[in-house]
Number of protein chains: 2
Amino acid sequence: MLSQKTRYAIRAMQDLADRYGQGPVQLAEIAERQNIPPKFLTVILSELTRFGLVDSQRGRDGGYWLAIAPVDISYGDLIRIMRGSLALVPCASRFAHEKCKNCVAEGDCRTRALMLEVRDRTAELLDAVKLSDPIALVPADHETSE
Amino acid sequence: MLSQKTRYAIRAMQDLADRYGQGPVQLAEIAERQNIPPKFLTVILSELTRFGLVDSQRGRDGGYWLAIAPVDISYGDLIRIMRGSLALVPCASRFAHEKCKNCVAEGDCRTRALMLEVRDRTAELLDAVKLSDPIALVPADHETSE
DNA sequence: TTATTCTCTATCAAATAAGTTGAGAATATG
DNA sequence: CATATTCTCAACTTATTTGATAGAGAATAA
């Protein structure tokens, strides 16, 4: 599961993407629109700023804006930045690879082999969708097949 | 990420699948082969037994065995059983659907729309692979493209 | 020079995860 | 029947992570 913090970060970035090129957006605005605890959002936006995804300015009429065009930021990037990896197990992470604790040898681990595939498929999808892309909303009562 | 417990459960089930039809397998054996703390494994196997995936017998020469043929147990099933869902956010879960805390309306949530797709793709893959399937192991130093 | 807005480190509480303890119940064997 | 063996189960402990807040500080514009 994505942490609450990661979900907040994604929504905050969407909010900024929607206002790209329109000058600084204030934290309080984002917090209200996106229903995020303002104090917590300071932590998140500072993190994103330190990471170079967002620029900021203090003082009156200050705020935040994307440092990178929305078309160059994928959902995969966001999740990797916020939670370190797209993978379901540490040993299947591409960029944050780490041995799983108490596992069998990596080369013998079927779970790992399978999770590498899952990671690849997930990355394929999430790296292809950018913050600038329109996303078809799904009604709340939607039920998929099966 | 999958919890350690879920990973243990998967490996334990693989161990049992490999010995399907060969009589009871003892907990201590599984624990040793799969490098799982034995006491913790009792919790996991009891859970799987209660869930109906595994049968057990006590006493001398007792042990555990799959209650269902390996060909009828998918990795998707296992993960759903152990962690409740395949989804990355509660609101994108098919069987354990739940509103995300502090989110926007579900019908307006782009994250949800995207995560529904991720869930579907993940399910497609993980439901298609069964415990009986051979899985091509991947060498430990493997690096994928990109 | 003051109000505004972001920055950053520390801290806290609650939830979750990982693992252990220990008493108990079923089973096979002699 | 007695005993060793093996699973069962609830309670508990500890460590880690998560979600969130507090509060002092620094930049900026008016």
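Side-chain atoms are counted along with the backbone in the values below, which use heavy atoms only and exclude waters and symmetry mates. Labels below follow one simple rule: chain letters A, B, ... track the order of the sequence lines, proteins then strands, and each chain is numbered from 1.
- Nearest-nucleotide mapping onto DNA chain D: of B:Gly63 and A:Lys5, the residue sitting toward the 5' end is B:Gly63.
- Summarising the geometry, the separation between OH on B:Tyr64 and P on C:dT27 is reported as 14 Å, rounded to the nearest angstrom.
- A:Asn35 places a side-chain N or O within 3.5 Å of a backbone atom of B:Cys103 that can act as its donor or acceptor partner.
- In this structure, the CG atom of B:Leu41 is 15 Å from the P atom of D:dC9, given to the nearest Å.
- Nearest nucleotide to the side chain of A:Gln57, out of D:dA29, D:dC9, D:dA26: D:dA29.
- In this entry the distance linking CD1 of A:Ile44 with C1' of C:dT7 reads 15 Å, nearest Å.
- Side-chain contact check for B:Gln14 versus B:Leu131: some heavy-atom pair is nearer than 4.5 Å.
- Taking only distance into account, the side chain of B:Lys39 meets the base of C:dG22 through a donor-acceptor pair shorter than 3.5 Å.
- No donor-acceptor contact under 3.5 angstrom links the side chains of A:Glu29 and A:Tyr64, judged on distance only.
- With salt bridges taken as basic N to acidic carboxylate O contacts below 4.0 Å, none links B:Asp133 and B:Lys130.
- For A:Ser56, a side-chain nitrogen or oxygen approaches OP1 or OP2 of C:dT7 to under 4.0 Å.
- OP1 or OP2 of C:dT7 sits under 4.0 Å from a side-chain N or O of A:Ser46.
- Positionally, the nearest nucleotide of DNA chain D for B:Ala28 lies more toward the 5' end than for the other of B:Ala28 and B:Val43.
- When rounded to the nearest whole Å, the span between OH of B:Tyr8 and C1' of C:dA17 equals 11 Å.
- Residue B:Arg60 places none of its side-chain N or O atoms closer than 4.0 Å to OP1 or OP2 of D:dT3.
- When all heavy atoms of B:Ser85 and B:Ser93 are compared, the closest pair comes out as OG-OG, 3.1 Å.
- For D:dA20, the OP1/OP2 oxygens have a side-chain nitrogen or oxygen of B:Lys101 closer than 4.0 Å.
- Look at A:Gln4 and you won't find any side-chain N or O under 4.0 angstrom from OP1 or OP2 of D:dT17.
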B:Ile36 vs A:Asn102, side chain to side chain contact (heavy atoms under 4.5 Å, CB included): CA-CA, chis, key distance, verdict: CA-CA 7 Å; B:Ile36 303 173; A:Asn102 276 12; over 6 Å; no
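- Atom pair A:Arg11:CZ and D:dG19:P shows a separation of 12 Å (rounding to whole Å applied).
- Set against C:dG24, C:dA28, D:dA20, the side chain of B:Asp61 has C:dA28 as its closest nucleotide.
- Closest approach to the B:Arg50 side chain among C:dT20, C:dC8, D:dC9 is made by D:dC9 (side chain taken as heavy atoms from C-beta onward).
- Per the geometry, CE belonging to B:Met82 stands 10 Å off P belonging to C:dA18, to the nearest Å.
- Nucleic acid contact for B:Leu27: sugar-phosphate only, since backbone atoms but no base atoms lie under 4.0 Å from a heavy atom of the residue.
- Between the CD1 atom of B:Ile30 and the C1' atom of D:dC7 there is a distance of 12 Å, given to the nearest Å.
- A close approach under 4.0 Å does occur between a side-chain nitrogen or oxygen of B:Ser3 and OP1 or OP2 of C:dA18.
- A straight line from CZ of A:Arg83 to C1' of D:dT18 spans 14 Å, rounded to a whole angstrom.
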